[in-house]
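Notes to accompany the following structure.
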Amino acid sequence: FNRAHTDTTTFDLYLRTASGTERRLTHFRGDDGGAAWAPDGKSIVFYTSQWSPADADNYDLAVMDLATGALRQLTNGRPADRGPRFSPDGTLVGFLRSYAAAEPAFCTVPWVGGRQPTCYRPPGFTVVGFAGWLDDRYVLLTADAQGEYVLLRYDIATGATLLLER
């Protein structure tokens, strides 16, 4: 979970055990949040402004090894990356990317890093939310279809979009 901390006046991530003890995971300038567990339970992915200039409003994604606390940057740059979730097989991280002057996109990046994200904009829709992975190929997205919010199943392998609900 994340919460504001008095020594930084920003939001940091914490881990709460079943017994109720808390361990602070992040202690960076800027906010951290939106954490999601890896399928193996050994790491988390989250958004952070740690690497952003102090006057910027963008977020990058990071992966943290929970045993060692080692942190690895997954994305970088001016867009704001949020809502990360691991694919069921743990090979990809899906997330929403917001741009200052362009429509938002759903993106994926290998959890090991090493390449720029692949981003998708289903034709005829503006992606507004990433509901989650159905399996390693399909994701559920919420989108704006000319003022009406809809639920989509999106195939990241082919780009095929199926309208599920209006």
Side-chain angles (χ1 to χ4, degrees), residues 1-3 11 13-16 25-26 30-52 56-66 71-166:
F1 70 95
N2 69 328
R3 72 168 177 225
F11 285 91
L13 292 175
Y14 292 79
L15 178 66
R16 181 178 294 142
L25 299 177
T26 60
D31 293 333
D32 307 304
W37 290 91
D40 66 7
K42 295 180 181 179
S43 58
I44 57 171
V45 62
F46 60 97
Y47 67 80
T48 180
S49 58
Q50 172 186 352
W51 298 291
S52 303
D57 60 356
N58 64 297
Y59 292 95
D60 300 313
L61 299 184
V63 172
M64 177 182 284
D65 180 301
L66 292 171
L71 191 66
R72 187 169 35 82
Q73 188 173 2
L74 266 187
T75 65
N76 60 50
R78 193 64 181 111
D81 299 334
R82 289 196 172 197
R85 290 183 183 81
F86 280 95
S87 61
D89 68 1
T91 61
L92 293 174
V93 172
F95 61 96
L96 287 181
R97 173 166 273 188
S98 299
Y99 302 86
E103 288 188 355
F106 169 74
C107 303
T108 61
V109 67
W111 89 273
V112 295
R115 76 166 167 81
Q116 289 297 310
T118 302
C119 295
Y120 313 89
R121 288 187 180 93
F125 301 97
T126 301
V127 176
V128 295
F130 171 35
W133 294 86
L134 291 173
D135 57 27
D136 296 326
R137 180 173 174 167
Y138 296 101
V139 296
L140 285 177
L141 303 173
T142 54
D144 182 338
Q146 300 175 351
E148 183 178 16
Y149 286 97
V150 297
L151 183 64
L152 306 174
R153 185 189 77 182
Y154 189 73
D155 183 335
I156 64 171
T158 68
T161 304
L162 177 64
L163 178 63
L164 297 176
E165 186 176 310
R166 286 193 174 275

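Sequence positions, counted from 1, serve as the residue numbers for this chain.
Side-chain contact between L141 and P122 is present, with heavy atoms from C-beta onward closer than 4.5 Å. Between L71 and T48, every side-chain heavy-atom pair lies at or beyond the 4.5 Å cut-off. Side-chain contact check for F95 versus T75: some heavy-atom pair is nearer than 4.5 Å. Side-chain contact check for R115 versus P110: some heavy-atom pair is nearer than 4.5 Å. A 4.5 Å side-chain heavy-atom check between L140 and L152 finds every atom pair outside the cut-off. Taking the side chain as every heavy atom from C-beta outward, V63 and S43 approach each other to under 4.5 Å.
R97 contributes no side-chain N or O that, together with a main-chain N or O of P79, makes up a donor-acceptor pair within less than 3.5 Å. Looking only at distances, a side-chain donor or acceptor of R85 sits under 3.5 Å from a matching main-chain atom of F130.
Pairs engaging residues 127-140 under the side chain to side chain donor-acceptor pair (under 3.5 Å) rule: R137-D155 [sequence neighbours left out].
Checked options N76, N58, D60; the residue passing with W51 is D60 (criterion: side-chain contact (heavy atoms from CB on, under 4.5 Å)). Between W111 and the options D89, V93, V45, a side-chain contact (heavy atoms from CB on, under 4.5 Å) holds for only V93.
By the 6.0 Å contact criterion, OH on Y149 is open, its count of non-hydrogen atoms from other residues, nucleotides or ligands being 12 or less. The number of heavy atoms from other shown groups lying within 6.0 Å of CD (Q146) does not exceed 12.
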_Stepwise side-chain contact (heavy atoms from CB on, under 4.5 Å) test for T108 and Y120_ = CA-CA 9 Å; T108 61; Y120 313 89; 3.5 Å; yes

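Pairing each heavy atom of F46 with each of A35, the nearest pair is CB-CA, 3.8 Å. In this structure, T126 and P104 approach most closely via the heavy-atom pair CG2-CD, 4.0 Å. Looking at every heavy atom in both residues, W37 comes nearest to F86 through O-CD1, 3.4 Å. Closest heavy-atom contact between P39 and S87: CG-O, 3.4 Å. Taking each heavy atom of G41 and L66 in turn, the nearest pair found is O-CD1, 4.2 Å. Between R121 and E103, the shortest heavy-atom contact is NH2-O, 2.9 Å.
For the atom pair CG of D81 and OH of Y59, the computed distance is 11.5 Å after rounding to the nearest 0.5 Å. If you take CZ on R153 and CG on L164, they are separated by 7.0 Å, rounding to the nearest 0.5 Å.
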